[in-house]
Amino acid sequence: QVQLVESGGGLVQAGDSLRLSCAASGRTFSNYAMGWSRQAPGKEREFVAAISWSGGSTYSADSVTGRFTISRDNAKNTVDLQMNSLKPEDTAVYYCAILGAATAQAMGVRSRYYGTDYWGKGTLVTVSS
């Protein structure tokens with residue numbers, strides 16, 4: 001059973017930067033397309049970034065393009081989300097995910113995993129104005 005553990009959340013001011021990290025257990029990490037999603041209070045969860053199994057292609061939502069960057073290190077079984085120029089509307093719980101086949105295809109990132117989405121427990125990011 002793969003486990004995903006997010007870290008790096010916290011309270012920051014608008015304009016600051018924050019780097020989230022997700023550590024995955026298991027030996028098949030390099031097969032997975034990975035992603036980060038977020039859920040703000042009272043709102044639906046939305047994907048903000050995704051990366052292919054090799055790291056060769058990425059996706060970012062319009063709301064974060066140019067500010068957030070996703071990266072991975074398959075040797076360390078980690079996927080990171082660098083968040084710059086943070087805004088109060090970025091406040092949310094951020095979740096690391098193994099992307100299921102359908103989700104990966106929808107985001108245009110390649111995966112060698114044919115199962116369903118799998119989520120971590122999340123880390124809270126709060127951006128004050």
Side-chain angles (χ1 to χ4, degrees):
Q1 184 77 10
V2 176
Q3 287 190 327
L4 302 175
V5 179
E6 302 96 335
S7 62
L11 172 63
V12 297
Q13 293 187 334
D16 285 352
S17 297
L18 204 60
R19 189 175 184 91
L20 305 183
S21 186
C22 173
S25 64
R27 296 177 294 176
T28 57
F29 177 77
S30 61
N31 285 342
Y32 305 133
M34 300 295 296
W36 285 93
S37 67
R38 66 186 181 187
Q39 186 165 22
K43 295 187 178 181
E44 294 186 356
R45 188 178 296 191
E46 62 166 340
F47 270 103
V48 296
I51 188 166
S52 65
W53 66 268
S54 67
S57 62
T58 61
Y59 159 90
S60 62
D62 289 344
S63 58
V64 305
T65 295
R67 300 188 299 122
F68 290 11
T69 302
I70 189 171
S71 61
R72 69 187 296 160
D73 186 333
N74 285 345
K76 296 181 179 179
N77 281 16
T78 59
V79 58
D80 292 349
L81 184 68
Q82 177 66 42
M83 305 186 294
N84 298 329
S85 303
L86 283 161
K87 305 175 181 180
E89 51 263 44
D90 294 319
T91 295
V93 178
Y94 284 73
Y95 299 90
C96 173
I98 294 171
L99 303 187
T103 304
Q105 184 175 23
M107 295 185 182
V109 294
R110 293 187 174 184
S111 177
R112 297 188 291 189
Y113 166 68
Y114 301 100
T116 57
D117 297 346
Y118 183 84
W119 303 91
K121 293 184 177 180
T123 185
L124 176 62
V125 173
T126 304
V127 184
S128 64
S129 58

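No hydrogens, no waters, no symmetry mates; every other heavy atom, side chains included, goes into these values.
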Main chain of [Y], side chain of [X]: is a donor-acceptor contact present, judged purely on distance under 3.5 Å?
{"X": "Gln105", "Y": "Val109", "value": "no"}
{"X": "Thr91", "Y": "Val127", "value": "yes"}
{"X": "Arg45", "Y": "Arg38", "value": "no"}
{"X": "Ser60", "Y": "Val64", "value": "no"}
{"X": "Thr28", "Y": "Asn31", "value": "no"}
{"X": "Ser52", "Y": "Ser57", "value": "yes"}

Could you state whether [X] and [Y] fall into the same hydrophobic cluster, counting links through intermediate Ile, Leu, Val, Met, Phe, Trp or Tyr residues with side-chain heavy atoms under 4.5 angstrom apart?
{"X": "Met107", "Y": "Ile51", "result": "no"}
{"X": "Phe47", "Y": "Phe68", "result": "no"}
{"X": "Trp36", "Y": "Leu99", "result": "no"}
{"X": "Tyr32", "Y": "Tyr59", "result": "no"}
{"X": "Val93", "Y": "Tyr118", "result": "no"}

Measuring from atom [atom1] of [X] to atom [atom2] of [Y], what distance do you get when rounded to the nearest 0.5 angstrom?
{"X": "Gln13", "Y": "Ser129", "atom1": "CD", "atom2": "OG", "answer": "9.0 Å"}
{"X": "Ser17", "Y": "Leu86", "atom1": "OG", "atom2": "CG", "answer": "6.5 Å"}
{"X": "Leu81", "Y": "Thr69", "atom1": "CG", "atom2": "OG1", "answer": "8.0 Å"}

Hey, are [Y] and [X] close enough side-chain-wise for a donor-acceptor pair under 3.5 Å?
{"X": "Thr103", "Y": "Asp117", "result": "yes"}
{"X": "Ser7", "Y": "Ser21", "result": "no"}
{"X": "Asn84", "Y": "Gln82", "result": "yes"}
{"X": "Asp73", "Y": "Thr78", "result": "no"}

*Are there more than 12 heavy atoms of other residues, nucleotides or ligands under 6.0 Å from atom CD of Gln39?*
yes
_Does Arg112 have more than 12 heavy atoms from other residues, nucleotides or ligands lying within 6.0 Å of its CZ?_
yes
*Decide yes or no on side-chain contact (heavy atoms from CB on, under 4.5 Å) for Arg19 and Ser71, but give the supporting numbers first.*
CA-CA 11 Å; Arg19 189 175 184 91; Ser71 61; 3.6 Å; yes
*May I ask you to decide whether Lys121 forms a salt bridge with Glu6, counting only side-chain N to carboxylate O separations under 4.0 Å?*
no
*Flag this pair as yes if the NZ/CZ of Arg72 is under 6.0 angstrom from the six-membered ring centre of Phe29 and inside a 45 degree cone about the axis; otherwise no.*
yes
*Decide yes or no for Leu4 and Met34: does some side-chain heavy atom of the first lie under 4.5 Å from some side-chain heavy atom of the second?*
yes
*Are any of the side-chain heavy atoms of Val2 and Ile98 separated by less than 4.5 Å?*
yes
*Does Tyr114 have its ring centroid less than 6.0 Å away from the ring centroid of Trp53?*
no
*Between Tyr95 and Trp119, how do the two ring planes meet: parallel, tilted or perpendicular, split at 30° and 60°?*
perpendicular
*Please say which of Leu20, Asp16, Asp90 ends up in a side-chain contact (heavy atoms from CB on, under 4.5 Å) with Met83.*
Leu20
